[in-house]
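Note on naming: letters A, B, ... go to the chains in the order of the sequence lines (proteins, then strands), and numbering restarts at 1 for each one. All values below come from the heavy atoms of this structure, side chains included, with hydrogens, waters and symmetry mates left out.
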Amino acid sequence: MSTLVFAQHPVSLAERLRDASAVALITVLLGIPMIGLTTVDQGGSLQVVTRWPALAAFVAAGFFGRLLLRWAIDQWQARRRTRTAAASSATRGVNPLLRRGGWLALGVALALPVVFPENRYVVDTATTVLIYVMLGWGLNVVVGLAGLLDLGYVAFYAVGAYTYALLSTQFGWTFWESLPVAGAMAATFGVLLGWPTLRLRGDYLAIVTLGFGEIVRVILVNWTEMSGGPNGITSIPRPTFFGLPFRPPGDEPTFASFFALEYSPNQRLIFLYYLILALALLTNAFVTRMRRLPVGRAWEALREDEIACKAMGIHARNVKLSAFALGAMLGGFAGVFFAARQGFISPESFTFNESAIILAIVVLGGMGSQLGVVLASLVLVLLPELGRDFAEYRMLLFGAAMILIMIWRPGGILAHREPTLRYHGAGAGR
Amino acid sequence: MKTRILAAGFGLLSLAATSAWADILVAIAGPMTGQYASAGDQIRKGAELAVADINAKGGVLGQKLKLEIGDDACDPKQAVSVANTMVNKKIAFMHGHWCSSSTIPASEVYNEAQIVMATVSTNPQVTERGLKNIFRIMGRDDQQGVVAGNYLVDHFKGKKIAVVDDKSAYGKGLADEIAKAMEARGVKPALRESITAGEKDYSGLVSKLKSAGIEVLAFGGYHTEVALILRQAQQAGLKLTVMGGDTMTNSELVTAAGPMADNVLFTFAPDPRKNPAAAAVVKKFRDAKVEPEGYVMYAYAAMQLFAEAAQKAKSTKYKDLEKALREGSFDTVIGKLSFDAKGDNKLPGFMVYQWKGGQYDYVK
Amino acid sequence: MALALQQLINGLTLGAVYGLIAIGYTMVYGIIGMINFAHGDIYMVSAFIAITGFTLLAALGVSSVPLGLVLVLLLAVAFTSVYGWTVERVAYRPLRGSTRLAPLISAIGMSIFLQNMVQLTQGARVKPIPPVLVGGIDLLTIDGFTVRLAYSQLLIVFVTLALMGGFTWLITRTSFGRQQRSCEQDRTMTALLGIDVDRTISLTFMLGAALAAVAGVMVTVYYGVVDFFIGFVAGIKAFTAAVLGGIGSLPGAMLGGLLIGLIEAFWAAYLSAEYKDVATFSILILALMFRPSGLLGRPEVEKV
């Protein structure tokens with residue numbers, strides 16, 4: 001483990017060695033209890049086992065890693081110093097690639113199942129990415145636009161998923177009938193939570209939302225008659241293509257028989273993929289529209305300065321509530337889709353970790369940036385998937401990557417944000 | 001930029017998917033990381049040795065087996081993702097998953113892709129959904145609960161019995177079945193409670209048991225919680241006998257509960273280590289410093305099951321394998337396996353065991 | 001009645017442990033205004049160090065319980081403080097002065113990292129040690145129910161009281177305490193007065209980690225079983241305790257910890273153990289509705 005320092009140093013070799021030795025000393029201290037020593041179960045009781053070679057390797061890695069890192073940082077800083085003066089004016093303005101990035105992403109997303117029609121893993125993973133994109137966009141309304149820290153967003157996701165699961169398995173409602181109801185249900189929960197608590201400031205709100213997420217999960221686990229308890233709800237019907245199910249040919253008309261195609265289970269996967277893509281695009285259009293409406297402007301204004309907003313006559317609580325309810329509704333939609341895709345839901349899918357990942361997507365993406373959420377979902381979903389080959393190191397690397405991305409770009413991957421409203425002309429306002 | 005990430009990402013994936021196609025791919029999946037990683041570890045050790053042994057004898061149908069390992073961390077969502085990965089790798093056989101809550105959603109993916117699976121998940125729902133591709137090489141919670149419930153009624157007459165579960169799909173299912181079996185014999189549990197797995201403080205439960213005068217605790221859940229309850233009961237001066245399920249086979253229980261582990265009774269399928277036909281394999285495991293406890297032998301048996309079925313069917317195609325498994329009977333280290341129409345095995349169900357000085361054995 | 005007394009003892013013990021961890025949250029929040037989500041995992045690291053320490057001492061033939069306890073406490077506090085220091089240095093210091101949420105995400109990443117690191121280096125299996133402190137005092141018997149105070153519970157309450165005393169002295173009477181408090185109030189001004197703010201923050205993290213280390217050792221003695229997952233649950237409870245007591249307030253953290261311990265103990269004994277956590281969080285929400293800055297927190301002054 002090495003540390004990062006961005007201080008300006010005159011660099012001599014001796015100083016570098018001293019610096020690296022200090023890091024090596026820290027690695028020794030960190031390494032002794034965790035790497036140098038461990039306990040192993042032998043015949044019913046623990047025995048201490050030493051692993052000095054591993055510790056030595058760890059310390060050496062710390063020492064040389066630090067030397068290298070220090071050197072790289074110095075190089076980088078020296079180069080930046082010479083460059084900043086010349087380049088500072090050129091980097092302003094929006095990167096043209098970025099402006100077209102949205103369309104590019106859309107093109108890729110549309111083409112994906114056409115390129116990989118037989119690869120169900122790719123389509124399925126892309127579907128997962130899109131679920132997170134949608135959740136990210138929903139939470140973005142709350143965190144990115146309205147500036148309310150919500151650590152229990154998964155609760156609304158769960159409400160949506162369970163509403164659909166119950167409506168479809170108990171009352172035979174279809175996917176499309178359930179969607180608005182589940183969204184409304186989630187929004188109601190959002191208001192229910194928001195009403196008493198939205199006057200709390202910053203981190204108090206954070207713990208209350210966290211608590212609410214846990215309350216919903218614990219109730220789902222325990223209220224067996226309603227939610228099936230830990231067993232969850234199985235055999236949730238899959239969405240149909242305007243009434244045509246995706247099934248092997250049988251008596252009733254199916255999707256394959258109606259269009260005279262050969263049946264393949266991948267057809268449903270691809271349909272689900274396009275379904276979530278459509279839902280996500282609708283969400284995006286909706287949120288972008290909302291931002292241009294007075295209420296959307298009020299969200300962002302509230303985030304920037306609550307007192308000024310109140311002075312301007314904005315009803316802070318109602319505006320916050322609207323953001324909360326809308327975010328919750330979008331989460332509910334994502335939940336409905338999740339339940340329909342999995343065909344099985346249980347409380348284990350709605351833990352605090354899930355909330356943390358969704359929040360990480362919003363923050364890593366660059367708060368308030370729609371495209372940033374897409375990029376961050378890609379990173380956070382693909383990273384553990386690509387990491388499957390690293391087996392047990394997978395989540396370790398995931399955690400480290402979260403820290404590194406944050407240090408690398410503290411404002412998020414796409415820190416730049418287009419202002420919703422531009423001030424034109426010098427004479428207009430004054 | 002996004003395109004590049006995508007292209008690179010999926011390029012890598014498809015590369016991984018097509019490698020090593022010449023071998024027959026068999027897979028295991030379970031919690032290799034996370035809270036229940038020790039069970040995943042047992043499965044991996046069992047399957048690895050089995051594959052090595054089968055390959056040493058010339059493989060299956062002249063081809064070598066290659067083992068793929070999937071980690072679902074007992075999370076249903078990851079389980080589906082693992083299942084899709086495995087389908088893409090074109091595996092011929094899956095042993096897994098371990099948690100019932102992972103097996104249930106994952107099995108639908110395998111079913112669609114027509115891949116045969118053998119699982120040790122005990123929740124009845126696993127085989128009750130009419131899927132044709134799933135074969136259970138372990139007993140069911142409802143059988144297990146009946147054995148445990150009857151034993152409690154027979155052997156602890158007049159004592160107060162509490163039934164407690166840990167709210168997991170497995171634990172609650174088992175505890176419900178135990179309570180049902182007891183009530184069927186006219187004995188009502190003196191206390192019915194749930195706890196949250198993963199916590200460390202069960203002093204509340206222990207006080208409650210103590211004030212209700214409970215002497216026997218029937219527990220649906222994992223060994224970690226039992227160890228903690230026993231330790232805290234001892235601290236509170238409460239003497240408790242525990243009746244648990246198949247997860248109590250884990251020797252961690254003894255390490256964690258110390259001498260109190262001798263108060264633990266549990267139900268488990270007949271011990272495969274006692275199977276005389278398995279003696280050679282047991283020795284092999286012990287030589288490799290692996291105690292063939294818990295699910296080790298089951299993983300070994302699952303691989304044997306696949307190898308024999310493939311030899312019998314002379315094919316690794318789904319239709320042939322499924323037919324062979326459904327009709328045949330197979331000699332494995334856990335006994336002679338044959339399956340009914342649902343995919344449940346016909347082995348004699350469960351025995352009651354007791355821990356004694358770090359070893360478990362049939363109760364006397 | 002006897003059951004209530006027993007649960008009072010159990011609840012206070014549990015609450016003392018939560019309180020010790022909560023102090024770390026509250027101090028870090030007070031000084032840099034961030035929720036240190038990795039704090040629970042620091043506590044978990046300490047519990048593992050304690051397991052290794054006790055096993056090592058047993059192997060070396062140290063049979064005296066008080067000596068062993070003191071040695072393990074010292075070891076755990078020393079090594080865990082280094083972890084606290086490193087976490088701040090690696091994951092939070094580079095982010096100082098950026099948005100409020102950046103260190104939060106970095107902290108979640110650090111929490112995932114620490115959990116998996118311990119799982120990799122120490123194994124996923126639970127680690128048990130034989131009971132260190134056996135036995136207890138039978139206080140009284142009512143209707144056949146004997147109220148029992150275990151020695152380990154006595155130890156936890158005693159150590160927590162002593163630490164709270166020492167800690168109050170450290171913060172209110174020493175020069176470090178003054179520096180720490182002045183950093184909390186105004187970091188820029190403190191820096192102008194010639195106080196090394198970075199050093200003060202680092203020391204705060206080490207102190208928080210040291211308290212978590214004591215909690216880790218106590219829990220190892222009390223329950224005797226440790227796994228890499230314990231940090232998560234304890235962390236969330238302790239964080240709740242810190243907020244309930246008023247985040248930024250040291251006595252508040254302790255009070256919050258004790259309250260949550262008691263709520264859990266009594267709810268589990270008299271109502272249902274299943275909805276214990278629902279009760280805890282509902283009471284938190286209720287308390288915050290009436291006192292938005294927690295029980296002992298100072299209401300924030302809004303500057304226009």
Side-chain angles (χ1 to χ4, degrees), chain A residues 1-4 6 26 29-30 32-35 37-41 45-48 143 149 196-197 199-204 206-208 210-212 214-215 218-219 221-222 307 352 356 359-360 362-364 367 392-396 398-407 410-412, chain C residues 29 35 45 48-49 51-52 55-56 59 79 82-83 86 89-91 94-95 98-106 108-123 125 127-130 236 239-240 243 247 274-275 277-278 281-282 284-285 288-289 292-294 300 302 304:
Chain A
M1 205 177 290
S2 57
T3 48
L4 286 170
F6 291 99
I26 298 290
L29 290 179
L30 291 177
I32 286 175
M34 283 296 137
I35 296 176
L37 296 172
T38 189
T39 47
V40 174
D41 188 353
S45 72
L46 292 184
Q47 305 292 324
V48 174
V143 178
L149 182 50
T197 56
R199 73 187 178 117
L200 297 176
R201 300 183 64 87
D203 298 294
Y204 287 96
I207 182 71
V208 166
L210 192 161
F212 182 72
E214 283 294 295
I215 289 177
V218 173
I219 290 178
V221 170
N222 286 304
I307 296 168
F352 169 69
L359 182 68
V362 173
V363 179
L364 286 180
M367 290 211 297
E392 56 257 35
Y393 293 94
R394 179 164 76 96
M395 289 313 283
L396 188 80
F398 182 74
M402 263 169 91
I403 303 172
L404 288 179
I405 295 176
M406 228 50 259
I407 292 174
Chain C
Y29 187 87
I35 306 169
V45 165
F48 269 87
I49 296 175
I51 290 275
T52 312
T55 318
L56 200 62
F79 282 116
V82 180
Y83 270 88
T86 313
R89 198 75 174 75
V90 173
L95 290 171
S98 67
T99 57
R100 195 167 55 97
L101 286 181
L104 182 74
I105 301 301
S106 184
I108 292 174
M110 183 50 91
S111 165
I112 297 176
F113 182 88
L114 284 176
Q115 263 183 37
N116 284 278
M117 178 202 74
V118 170
Q119 192 198 337
L120 272 174
T121 58
Q122 301 287 309
R125 306 183 68 147
K127 299 264 171 179
I129 50 164
I236 287 204
F239 176 42
T240 313
V243 174
I247 197 155
E274 295 129 71
Y275 289 102
D277 291 355
V278 172
F281 288 117
S282 306
L284 173 82
I285 293 178
L288 287 183
M289 273 165 70
S293 306
E300 249 175 82
E302 291 195 16
V304 184

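- The line from OH of Y275(C) to CD1 of I219(A) is 6.5 Å long, rounded to the nearest 0.5 Å.
- A pairwise comparison of heavy atoms in G211(A) and F281(C) identifies CA-CD2, 3.4 Å as the closest pair.
- Across all non-hydrogen atoms, the minimal contact from P410(A) to L95(C) is CB-CD2, 3.7 Å.
- By number of non-hydrogen pairs under 4.5 angstrom with chain C, the leading residue of I207(A), V143(A), V362(A) is I207(A).
- Only the side chain of I35(C) comes within contact range of chain A, judged by heavy atoms closer than 4.5 Å.
- Contact of the L29(A) side chain with the T86(C) side chain is not registered, since no non-hydrogen atoms from C-beta on lie closer than 4.5 Å.
- A91(C) touches chain A through backbone and side chain together, each having a heavy atom under 4.5 Å away.
- Contact of T197(A) with chain C is made through the side chain alone, with heavy-atom distances under 4.5 Å.
- Proximity to chain A (any heavy atom under 4.5 Å) is shown, for S106(C), by both the backbone and the side chain.
- Both the backbone and the side chain of P128(C) come within contact range of chain A, with heavy atoms under 4.5 Å apart.
- Between I247(C) and Y204(A) there is a side-chain heavy-atom pair separated by less than 4.5 Å.
- The greatest number of non-hydrogen atom pairs below 4.5 Å with chain C, out of I35(A), T38(A), L364(A), is found for T38(A).
- If you measure heavy-atom distances from L200(A) to chain C, the contacts under 4.5 Å come from the side chain alone.
- Of the listed residues (V221(A), L149(A), I405(A)), the greatest number of heavy-atom pairs within a distance under 4.5 Å of chain C belongs to L149(A).
- Among the candidates V118(C), I108(C), D277(C), the residue making the largest number of heavy-atom pairs closer than 4.5 Å to chain A is I108(C).
- Put simply, CG on L37(A) and CD1 on I51(C) are 13.5 Å apart, with the number rounded to the nearest 0.5 Å.
- When side chains are defined from C-beta on, L104(C) does not count as touching V363(A), because their heavy atoms never get closer than 4.5 Å.
- In plain terms, the two heavy atoms of Q122(C) and P33(A) that are nearest each other are NE2-O, 3.5 Å.
- Listed options L288(C), I105(C), I112(C), I236(C) were ranked by heavy-atom pairs under 4.5 angstrom with chain A; first place goes to I105(C).
- L30(A) is listed as a side-chain neighbour of V82(C), based on a closest heavy-atom distance under 4.5 Å.
- You'll find the side chain of I49(C) reaches within 4.5 Å of the side chain of M34(A), heavy atoms only.
- Using a 4.5 Å cut-off between heavy atoms, L284(C) contacts chain A through its side chain alone, with no backbone atom that close.
- To the nearest 0.5 Å, atoms CG (L396(A)) and CG (L114(C)) are separated by 9.5 Å.
- Contact count against chain A (heavy-atom pairs under 4.5 Å) is highest for P292(C) among P292(C), P103(C), P130(C).
- Looking at I215(A) and S282(C), their side chains come closer than 4.5 Å, going by heavy atoms from C-beta outward.
- The residue among V208(A), N222(A), V40(A) with the most heavy atom pairs within less than 4.5 Å of chain C is N222(A).
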